[in-house]
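Take a look at the structure set out below.
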Amino acid sequence: MKINSRQIIFTGILVLLATTCKYFFGPDLDWSGFSPVIAIALFSGFIMKERNLSFVLPFVALLLSDVFIQFLYSVNLFPYAGFYSTQWMNYAILLASTLIGWMLKGRNLASLATGAVAAPTAYFLISNLSVWSCSVQTTYPKTFAGLMTCYEAGLPFYRNSILATLVFLPIILISYNYITKHKTEITLA
């Protein structure tokens, strides 16, 4: 895939979108998880022919938004840090959404809908499992009931991540198709 100025501008817009959503929705527990990053990861898996490059776009979007949040936190303008000790796990889990994009390719509405549900679901299941199993604090007992409590606590985030993916994925795809092909299509066929 040759990178041109339109794609660089498009990438910048996606980074700005991710940062804006994190800034406005992150601190509010009712909206936490409403972010385009899973949609960006899926999209990247859909469009990139060079698989090793498909991880760059979601990684850059997440990293730059975290740098911005960390800066705001350091000057006491945001309630939580952009960087924390177990963050690398969230990055790795998020990039799994790119793998789902590889498999589905976004060629029809069924594959888009499948990805829009599968990627947030995989993120929810894996991230909550890692919170439960890797937590150094005894937040959740290391029992099946503790795991279920951890999943239950994550349900609002899960709801918001599915909603965000269903909202942002079509917007990203239509924008990309318009910018690169001057067509307003949801699929990538």
Side-chain angles (χ1 to χ4, degrees), residues 14-15 17-45 48 51-74 76-104 114-166 168-169:
L14 292 180
V15 169
L17 181 63
T19 303
T20 302
C21 286
K22 188 176 282 192
Y23 179 78
F24 286 108
F25 299 123
D28 184 350
L29 287 179
D30 291 335
W31 285 98
S32 186
F34 190 82
S35 167
V37 293
I38 292 175
I40 292 169
L42 268 173
F43 166 78
S44 190
M48 294 287 190
R51 290 190 172 184
N52 57 336
L53 293 178
S54 64
F55 295 104
V56 173
L57 179 59
F59 179 77
V60 167
L62 192 57
L63 179 66
L64 291 180
S65 66
D66 286 339
V67 166
F68 181 72
I69 294 302
Q70 183 64 38
F71 170 75
L72 291 178
Y73 175 76
S74 70
N76 296 318
L77 294 175
F78 200 73
Y80 61 83
F83 296 106
Y84 47 90
S85 63
T86 58
Q87 189 164 16
W88 65 270
M89 285 192 290
N90 280 335
Y91 278 62
I93 296 166
L94 172 71
L95 295 177
S97 297
T98 304
L99 299 174
I100 293 170
W102 286 359
M103 292 184 291
L104 297 173
T114 300
V117 173
T121 300
Y123 185 88
F124 167 75
L125 292 172
I126 297 167
S127 65
N128 281 285
L129 179 64
S130 71
V131 165
W132 173 77
S133 66
C134 298
S135 178
V136 292
Q137 302 170 358
T138 55
T139 307
Y140 302 104
K142 302 297 186 238
T143 63
F144 181 75
L147 176 61
M148 292 300 106
T149 302
C150 183
Y151 279 126
E152 183 180 345
L155 285 175
F157 180 88
Y158 176 54
R159 178 199 66 223
N160 292 338
S161 66
I162 284 184
L163 179 62
T165 305
L166 289 170
F168 289 116
L169 187 58

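- Minimum interatomic distance between Thr121 and Val117 (heavy atoms only, all atoms of both residues): OG1-O, 2.6 Å.
- Considering every non-hydrogen atom in both Ile93 and Ser127, the closest pair reads CD1-CA, 3.7 Å.
- Looking at Ser44, its side chain never comes within 3.5 Å of a backbone N or O of Ile40 through a donor-acceptor pair.
- Shown here for Ile38 and Ala119, the closest heavy-atom pair between the two residues is CG2-CB, 3.6 Å.
- Closest heavy-atom contact between Phe168 and Cys21: CZ-SG, 3.6 Å.
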Below 3.5 Å, can you tabulate the donor-acceptor pairs from side chains in residues 22-36 to any protein atom, sequence neighbours excluded?
unit_1	atom_1	unit_2	atom_2	d
Lys22	NZ	Ser65	OG	3.3
Lys22	NZ	Asp66	OD1	2.2
Asp28	OD1	Asp30	N	3.0
Ser35	OG	Val37	N	3.3

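- The environment of Tyr84 atom OH is dense: over 12 non-hydrogen atoms of other residues, nucleotides or ligands sit within 6.0 angstrom.
- Ring centroid separation for the pair Phe59 and Tyr91 comes in under the 6.0 Å cut-off.
- Within the 3.5 Å criterion, the main-chain N or O of Ala41 finds a donor-acceptor partner in the side chain of Thr98.
- Of all the heavy atoms in Met89 and Ser130, the pair that sits closest is SD-CB, 4.1 Å.
- In plain terms, the two heavy atoms of Tyr158 and Ser161 that are nearest each other are O-OG, 3.0 Å.
- Side chain to side chain, Asn128 and Tyr140 fail the donor-acceptor criterion of an N or O pair below 3.5 Å.
- The aromatic ring centroids of Phe78 and Tyr80 lie less than 6.0 Å from each other.
- The closest side-chain heavy-atom distance from Thr86 to Cys134 is not below 4.5 Å.
- Between Val131 and Tyr151, the closest side-chain pair of non-hydrogen atoms is not below 4.5 Å.
- Taken from CG in Leu95 to CG in Asn90, the straight-line distance is 10.5 Å, to the nearest 0.5 Å.
- Rounded to the nearest 0.5 angstrom, Leu14 CG and Thr19 OG1 are separated by 10.5 Å.
- Shown here are the side chain to side chain donor-acceptor pair (under 3.5 Å) partners of Ser54, two or more places apart in sequence or in another chain: Trp102.
- Annotation: the span from Ile162 atom CD1 to Phe157 atom CZ amounts to 11.0 Å, rounded to 0.5 Å.
- Side chains of Trp132 and Thr139 form no contact here, defined as non-hydrogen atoms less than 4.5 Å apart.
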